[in-house]
Amino acid sequence: MSDDRYPFQEVEKRWRNWWHENEIHDVDLDTDEEKCRYILVMFSYPSSSKLHIGHWWNYAPTDSYARFLRMNGYKIFEPMGFDSFGLPAENYAIKVGTHPKQTTEESIEFIEQQLDEIGAMYDWRYKVVTSRPEYYRWTQWLFLKLYNHGLAYQKEGLINWCPSCQTVLANEQAEGGECERCHSTVIQRKMTQWYFKVTEYADKLLEGLDEIDWPESTKKRQQNWIGRSEGANIKFTLEKSPDKYIETFTTRPDTLFGVTYVVLAPENDLAIECAEKYSDTPEQLQEVKDYIQRSMQTNEVERTSTTREKTGVFTGAYAMHPLTGKRLPIWVADYVLGSYGTGAVMAVPAHDQRDFEFAEKYELPIQVVIRPMDGLLEAEEMREAYEGPGIMMNSEQFSGVRSEDGKKVIAEKLQKLNLGGPEITYRIRDWSISRQRYWGAPIPLVHCEKCGAVPVPESDLPVLLPDEIKEYRPKGSSPLGALSDWMDTTCPKCGGQARRDPDTMDTYVCSSFYHLRYLAADDHEQPFHAKRMKKWLPIHTYVGGPEHSTGHLIYFRFITRFLHDIGLVPVAEPAQRLIHQGIITHAGSRMSKSKGNVVNPDTFVANYGSDVFRMYLMFMGDYSEGGDWSDEGITGVDRFINRIWRLATRLDGMNVDDTFPVKGDYTDDLYRTLHRTIEAVGSDLEGFAFNTAISRIMELINATYLWIGEKEDAATFKALGRLLKVVARLIAPLAPHFGEEIWHRLGGEGSVFDQSWPEYDPKAMVAETITLIVQVNGKVRDRIEVPTDADQETLKTTALASEKIQEMMQGKQLRKAIVVPGKLVNLVIG
RNA sequence: GCGAGCAUGGCGGAAUUGGCAGACGCGCAGGACUUAGGAUCCUGUACCUCCGGGUGUGAGGGUUCGACUCCCUCUGCUCGCACCA
């Protein structure tokens with residue numbers, strides 16, 4: 001390593017210390033400043049003590065963006081904290097055989113140091129750590145608020161159970177029937193659990209999507225996840241017990257006359273009841289029981305596979321058609337889900353493919369009631385269901401009505417008969433939040449024999465998670481349940497004997513309000529800080545992975561809206577703009593230990609420095625698309641930094657004034673490039689286009705090298721110094737230590753991050769001449785220098801006057817000339 | 001199965017939204033400096049070529065004076081959703 005190399009080790013350490021000592025990153029949350037922006041990146045969970053490349057990819061560019069805004073005159077709040085409760089932290093503790101509190105606190109300390117190495121502007125005075133009592137006190141407070149507003153409730157129901165993690169999972173954590181953490185197959189279990197009524201907010205969450213600047217794909221995913229369906233609720237009374245009925249939900253009430261049977265989900269308790277009490281053929285009971293037993297054991301993935309052949313059994317009972325009174329056999333089949341709608345459907349084989357397949361298999365009748373607008377439909381000739389719109393037929397007085405209108409009319413008719421009516425159903429389920437694990441916020445509730453479930457009074461919060469626990473490993477029920485000292489308590493209502501709720505809360509509860517808590521992290525008296533929220537919310541830009549689209553990003557919108565509705569938070573939507581980071585691959589595939597292609601940031605930070613490492617990450621590709629890591633590629637950024645370094649060190653000992661570069665001191669070309677670069681870097685950074693921002697600065701430096709050549713005179717150096725002072729500001733957000741170093745080396749006063757972003761002059765970006773492209777029949781044939789302000793006619797005649805063009809025109813006719821001012825002339829000849 | 005996105009040199013990737021394809025970087029080649037160069041600086045680098053030019057943005061077609069960009073068909077990859085009634 002030669003002497004003139006940029007000494008990043010010393011420089012980076014020096015500036016980090018200087019920033020800390022001079023409180024450069026401290027933000028005054030109570031400022032009166034108007035221009036304030038809250039920039040947030042999703043916090044990390046300390047599952048070990050090392051930052052991986054994904055963390056860098058997430059945090060460094062976000063920080064660069066925040067620094068850029070700061071230089072544009074904004075006060076920036078860019079906090080960081082730790083999502084330290086939950087499975088990753090706990091599993092790590094179990095792996096190393098140490099108490100989770102200890103491993104978590106140690107990890108946090110290490111990670112904090114490593115985060116510091118990134119050189120981000122975090123103001124650690126506003127750190128949140130979700131596993132500390134001063135934080136989870138408010139997690140519990142939130143639970144009580146939801147409880148008091150009727151949005152937290154307890155019920156027995158089927159839940160997702162991960163046999164390996166030994167805990168309940170929310171639907172969002174068990175997508176595809178797999179545990180989000182360990183990828184074990186999730187099984188269904190009946191348990192009593194606490195739920196938050198996110199379903200109550202389904203419509204509000206959908207509507208809110210229109211107001212926010214989030215990726216369309218993410219909005220779509222949330223829409224699908226919430227899954228709003230408009231339709232009707234229809235009741236089918238039981239033949240043998242007319243006061244009882246089966247409730248179904250359908251989006252196609254217009255097909256009601258085509259119902260030929262009714263299907264119950266195996267989970268529906270009516271199934272056994274029908275077979276037991278209302279069956280014509282009671283001997284089938286055992287068969288029904290066996291079927292239900294079997295399908296309950298089938299796992300979710302298998303059961304919901306679309307390719308699987310449908311199965312079912314007849315219960316022996318019949319229901320009555322609400323309008324015709326016809327007898328309809330009641331079946332049990334597992335293609336009907338217990339968790340959606342009412343857990344029962346009216347089957348219309350002619351107009352629903354699933355019912356069609358089932359009817360074919362079990363030889364149930366197919367009744368056509370909708371015909372296409374311009375055709376006929378015969379049941380005997382059908383190969384598949386007709387699911388399109390059309391005209392109602394075989395539907396008594398409704399025949400001839402268009403199916404779209406029929407939906408409404410039928411639903412209204414049923415409402416009059418008190419046999420149903422219009423209904424909206426959602427796919428989203430209430431959020432189950434009880435976890436049978438140790439490392440989480442205890443649910444602030446006690447169970448009293450006399451009074452039932454009683455919330456812990458707010459003044460008694462936090463309900464501390466006991467440290468003294470021998471066995472915190474999961475065992476199927478909460479480890480806290482075995483701590484009788486902790487479990488036994490008195491009822492806050494009657495003072496009698498009571499037991500605590502042994503479960504802890506899902507960590508998504510912790511992260512559902514952390515963005516609000518950051519703003520009051522120094523305040524231990526109240527959960528939120530009204531004045532600061534008014535100033536700083538909503539989050540201007542929120543950065544995190546797309547994998548949180550239907551988890552955290554729904555919960556944190558839900559909780560923010562809830563708190564807004566009860567008047568505690570000034571905004572309904574937490575984040576105005578959302579940006580997803582892409583995935584960093586290596587050698588073309590995702591990094592994983594098993595593939596052995598994991599890139600360790602520490603190695604590269606040690607060899608090239610934090611700035612070069614973060615800048616190469618940003619240079620690799622589009623932020624939202626990610627990029628492919630290359631061990632060789634990083635040398636390009638390293639060279640680039642050193643090229644600037646060598647220019648700057650030429651000026652050592654020289655006094656550089658603060659004058660902005662003056663036109664005549666450079667070649668016109670370089671001067672123009674300077675202004676163009678300032679403009680482009682600014683707009684690129686605003687749009688998170690770090691890769692092109694960096695390449696622009698590279699171009700400027702390349703042009704500077706060509707301009708300076710061997711020149712060493714004082715005037716040139718003076719001009720170079722002024723130019724580099726602009727470069728220092730341009731590069732500072734991307735390479736903070738380096739930017740600060742260059743700034744000071746050139747005699748800059750104060751932190752470079754307190755300087756204003758350089759201004760460009762639009763006039764200076766325009767050259768006096770442009771290269772006119774002359775095309776013949778769409779192909780480039782000549783390039784001519786012309787004055788920038790030449791009018792269309794001049795451009796045309798200039799093009800026609802070209803020798804090359806004259807040659808090509810020999811014996812041909814000019815048919816048309818398209819002139820694009822400032823760009824090209826296309827001559828159509830033939 | 002349904003839906004979305006993507007496909008550009010040896011490689012990572014640009015392209016002001018219909019107007020010079022390949023910016024910037026890696027790699028490679030040549031030159032300069034040098035005891036030396038795996039440092040640095042400069043030049044070149046899509047492909048073919050009879051040196052006139054011709055061909056090129058996954059494949060095929062279309063719209064247009066003009067298409068990486070818009071439309072249709074197909075192929076491949078990535079990611080969602082997946083019996084939601």
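No contact: A:Val637 has no heavy atom under 4.0 Å from any strand. Contacts of A:Thr635 with the nucleic acid, taken as non-hydrogen atoms under 4.0 Å apart, involve only primed sugar atoms and P, OP1 or OP2. Within 4.0 Å (heavy atoms only), A:Arg221 reaches sugar-phosphate atoms of the nucleic acid but no base atom. Within 4.0 Å (heavy atoms only), A:Ser630 reaches no atom of the nucleic acid at all. No contact: A:Tyr426 has no heavy atom under 4.0 Å from any strand. Among the protein residues, A:Asn826 comes within range of the nucleic acid bases, having at least one heavy atom under 4.0 Å from a base atom.
One can place CH2 of A:Trp707 at 17 Å from C1' of B:rC41, the figure rounded to the nearest angstrom. Following rounding to the nearest Å, A:Lys220 (NZ) and B:rG80 (C1') show an atom-to-atom distance of 12 Å. Residue A:Ile634 contributes atom CD1, which lies 22 Å from atom P of B:rC11 at whole-angstrom precision. Residue A:Arg643 contributes atom CZ, which lies 9 Å from atom P of B:rU40 at whole-angstrom precision. In this structure, the CG atom of A:Leu706 is 16 Å from the P atom of B:rU40, given to the nearest Å. Protein atom CZ of A:Arg639 is 6 Å distant from nucleotide atom P of B:rA39, rounded to whole Å. The distance between atom CD1 of A:Ile784 and atom P of B:rC20, rounded to the nearest whole Å, is 16 Å. Between A:Glu216 atom CD and B:rA4 atom P there is a gap of 13 Å when expressed in whole angstrom units.
Only one option out of A:Val825, A:Val776, A:Leu814 pairs with A:Ile805 in a side-chain contact (heavy atoms from CB on, under 4.5 Å); it is A:Val776.
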Report all interatomic pairs (protein N or O, nucleotide N or O of nucleotides 12-17 of chain B) with separations under 3.5 Å.
unit_1, atom_1, unit_2, atom_2, d
B:rG12, O2', A:Met620, O, 3.2
B:rA14, OP1, A:Asn691, ND2, 3.1

Quick test: give all pairs of protein nitrogen or oxygen and nucleotides 55-58 of chain B nitrogen or oxygen below 3.5 Å, distance rounded to 0.1 Å.
unit_1, atom_1, unit_2, atom_2, d
B:rU55, OP2, A:Lys779, NZ, 3.3

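Phosphate contact (OP1/OP2 of B:rC41, side-chain N/O of A:Arg646, threshold under 4.0 Å): present. Taking side-chain N and O atoms only, A:Asn702 has a distance below 4.0 Å to OP1 or OP2 of B:rG25. Between A:Arg781 and B:rG52, a side-chain N or O to OP1/OP2 separation shorter than 4.0 Å is absent. Checking the phosphate oxygens (OP1, OP2) of B:rA85, no side-chain nitrogen or oxygen of A:Thr248 falls inside 4.0 Å.
No more than 12 heavy atoms of other residues, nucleotides or ligands shown are found within 6.0 angstrom of CD on A:Glu712.
Within the 6.0 Å centre-distance limit, the rings of A:Phe688 and A:Phe690 are counted as a close aromatic pair. Annotation: A:Tyr608 is not in aromatic contact with A:Phe8 [ring centroid separation under 6.0 Å not met]. Remark: aromatic rings of A:Trp629 and A:Phe604 are close, center separation under 6.0 Å.
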Would you write out the dot-bracket form of RNA chain B, 5' to 3', with Watson-Crick and G-U pairs under 3.5 Å, [ ] for crossing pairs, | for pairs to other strands and . for unpaired bases? (((((((..(((......[....)))((((((.......))))))(((....)))..(((((..]....))))))))))))....
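Classification of the A:Tyr623-A:Trp57 ring pair by plane angle, with boundaries at 30° and 60°, yields tilted. Between A:Tyr386 and A:His351, the two ring planes are perpendicular [angle over 60°; tilted spans 30° to 60°].
Under the 3.5 Å distance criterion, with hydrogens and angles disregarded, a donor-acceptor pair is assigned to the side chains of A:Thr769 and A:Glu785.
For residues 630-643 of chain A, the salt bridge (charged side-chain N to carboxylate O under 4.0 Å, His left out) pairs, not counting sequence neighbours, are A:Arg5-A:Asp638.
A:Lys310 forms no cation-pi arrangement with A:Phe358, by the criterion of a distance under 6.0 Å to the ring centre and an angle within 45° of the ring axis.
The side-chain contact (heavy atoms from CB on, under 4.5 Å) test applied to A:Lys804 returns A:Asp782, A:Ser802, not counting sequence neighbours. Among residues two or more places apart in sequence or in another chain, the side-chain contact (heavy atoms from CB on, under 4.5 Å) test is passed with A:Ala680 by A:Arg696.
Nucleotides B:rC83 and B:rG76, compared at atom C1', are 29 Å apart to the nearest Å. When the P atom is used for both B:rU8 and B:rU55, the distance is 23 Å, rounded to whole Å.
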